[in-house]
4 protein chains.
Amino acid sequence: MQKSDLLDWLKEGNISIPAVLLSEYKRMNLSEQELVLLLHVQYFMDKGNYFPTPAELAGRMTANSLECSQILRSLIQKGFIEIIEGNSPEGIRFEKYSLQPMQEKLVERFLSSKKQDQAQVRRTEET
Amino acid sequence: MQKSDLLDWLKEGNISIPAVLLSEYKRMNLSEQELVLLLHVQYFMDKGNYFPTPAELAGRMTANSLECSQILRSLIQKGFIEIIEGNSPEGIRFEKYSLQPMQEKLVERFLSSKKQDQAQVRRTEET
Amino acid sequence: MQKSDLLDWLKEGNISIPAVLLSEYKRMNLSEQELVLLLHVQYFMDKGNYFPTPAELAGRMTANSLECSQILRSLIQKGFIEIIEGNSPEGIRFEKYSLQPMQEKLVERFLSSKKQDQAQVRRTEET
Amino acid sequence: MQKSDLLDWLKEGNISIPAVLLSEYKRMNLSEQELVLLLHVQYFMDKGNYFPTPAELAGRMTANSLECSQILRSLIQKGFIEIIEGNSPEGIRFEKYSLQPMQEKLVERFLSSKKQDQAQVRRTEET
C-alpha cells in the first residue's frame with residue numbers, strides 16, 4: 001500500500017444524506033433497493049453525469065439493467081424522479097434527472113410526521 | 001410551518017457514508033437491503049444505542065422483525081458485524097455491535113480494486 | 001504505510017457542516033476563528049466530550065489557552081453557545097456546552113436572508 | 001415561513017470535511033482564516049466555479065478583496081493550492097484552482113503523526 005492509495009480514498013469523498021431520509025423512506029413507500037438506486041443517481045449527478053443509464057446503475061447494484069430500468073420507471077411514476085429536457089448553450093438537446101420531487105416528498109413527510117407527534121403529545125396531555 | 005421545524009430538521013443532521021462503500025458493496029457481496037440495515041445500525045450507534053434490536057430496525061425498514069433478525073445473523077456469519085461483550089464501569093454486563101469488520105472489508109476491497117486497475121493498465125500498455 | 005493507516009483514516013470520519021453556516025457566518029458577526037472554534041466544540045461533543053477545556057481547544061487551534069478562553073466567553077455573551085448545568089443519573093454535577101443558540105441564529109439568519117432576496121426580486125420586477 | 005424554505009435549506013446541502021483536516025491544520029501551519037478560505041474555495045468548486053475571485057471570497061469572509069488576494073497568494077507559495085491552466089473542448093483558455101496539494105499535505109501529515117504516536121508507544125513500552 002502506498003501513500004497514493006490514501007489520497008485516492010480521500011478524493012473519492014463522501015456522500016451525505018439527510019438523517020430524515022433514512023428514517024422516513026419506509027413511510028414514503030420506498031423500498032431499500034429504491035432508496036439505494038436514488039443514492040446512486042445522486043452520486044452520478046454529483047460527479048457530473050446527470051442522466052446515468054440503467055446499465056451504469058446496474059454496474060453498481062445487485063439488479064441487472066432491465067431491473068434498474070423498471071425501478072427507474074416506477075420511481076418516475078410514483079413521483080420521486082423527474083426527467084428534465086432542455087438545450088445546452090451549444091444547442092445540443094439533453095435529458096437529465098431531477099431529484100427535486102423526492103426532496104419535496106421528504107419535506108412534506110417530515111412536516112406531517114411532526115404534526116402527528118404534536119397531536120400525540122396533546123392527546124397524551126389531555127388525558 | 002414554524003421556525004422550529006427548520007431547527008428540528010437541522011438537529012436531525014446528516015449521515016455521511018464513504019463514496020467507496022456505495023461503489024463497492026456489490027462486490028463485497030452485500031445486497032441493497034443489507035447495506036441499508038448496516039446504515040441503520042450506524043445511525044443508532046451514532047445516537048448512542050449500540051445494540052439496536054431487530055424490532056427497532058424493523059420500525060425503520062420494509063422488513064419485519066423476524067427478517068431483520070435473519071439479516072443481522074447473516075451479516076455476522078459473513079463477517080460484516082461483530083458482537084462485543086463487556087462490563088460497564090458500574091459492573092453491568094453489556095453487548096454492543098461493532099462495524100469494524102465491515103470497515104476492514106471495505107479497505108481490503110478498495111485496495112484490491114486498485115491493484116486490479118493497475119494490472120489492467122499495465123496489460124494495456126504492454127500490448 | 002500499512003492497511004491499518006487507511007482504516008484509521010476511515011475511523012476518524014468526517015465533519016458535516018450545513019452549507020448555509022459557511023455562507024452566513026459573516027453576516028452572523030462571527031469571525032473565521034470563532035467559526036472554527038465552534039466546529040472544534042462540535043467535534044469534541046460528537047466524540048462524547050461535552051465540555052472541552054480552553055487547553056483542549058488550544059491544542060488544536062493557533063490560539064493559546066487564554067485566547068480560547070476569551071473567545072469562548074465572547075461566544076457565550078454574543079449568544080452562540082450556552083452552558084447547561086445538570087446532574088447525572090449517578091448524582092454527579094456536570095456542565096456541558098450547547099450549540100442550540102448558534103443553530104437558532106443560523107435558522108433566523110437563513111429565513112431573513114430569503115425574505116431580503118424575495119423583497120429584492122419584487123423591487124426589481126416592479127421597476 | 002413556508003414549506004419552500006425547508007426545501008431551499010435542503011438544496012443548500014452540506015459540506016463534508018475530513019475530521020483529520022480539523023485536527024491537523026494547525027500542525028500544517030494553516031491559520032483558521034486560511035483553513036476557512038480553503039473551505040470556501042472547495043464550496044465554490046463543488047458548485048461549478050473553479051476559479052473564484054478574491055471579491056467572491058471576500059463576499060463570504062470577514063477579510064476584504066485585497067486581503068483574500070494576499071491569503072490566496074500565500075497559500076499558493078506555501079504549496080496548498082495550485083493554479084491549473086488549460087483549454088476547454090471549445091478552445092477557450094481557462095484557469096482553475098486545484099486543492100490536490102493540500103490533500104497531499106494532509107495525507108503526509110496524517111501518516112507522520114501516526115508514526116510519531118507509534119514511536120511514542122514503543123518508547124513507553126521499553127522503559
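Chain A is the first sequence line, chain B the second, and so forth, proteins listed ahead of strands; every chain is numbered from 1.
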Got a donor-acceptor contact below 3.5 angstrom from the A/K26 side chain to the B/M61 backbone?
-> yes
For residues 60-90 of chain B, which residue pairs qualify under ring-ring contact (aromatic ring centres under 6.0 Å, His included), counting only residues two or more places apart or in two chains?
-> none
Expected contact set for residues 67-78 of chain A against chain B at heavy-atom separation under 4.5 Å reads none
If you check every heavy atom in residues 30-54 of chain B against those of chain A, which residues fall under 4.5 Å?
-> B/L30, B/S31, B/E32, B/Q33, B/L35, B/V36, B/L39, B/H40, B/Y43
Quick one: which residues of residues 8-24 of chain A reach chain B at under 4.5 angstrom, heavy atoms only?
-> A/D8, A/W9, A/E12, A/G13, A/N14, A/I15, A/S16, A/I17, A/P18, A/A19, A/V20, A/L22, A/S23
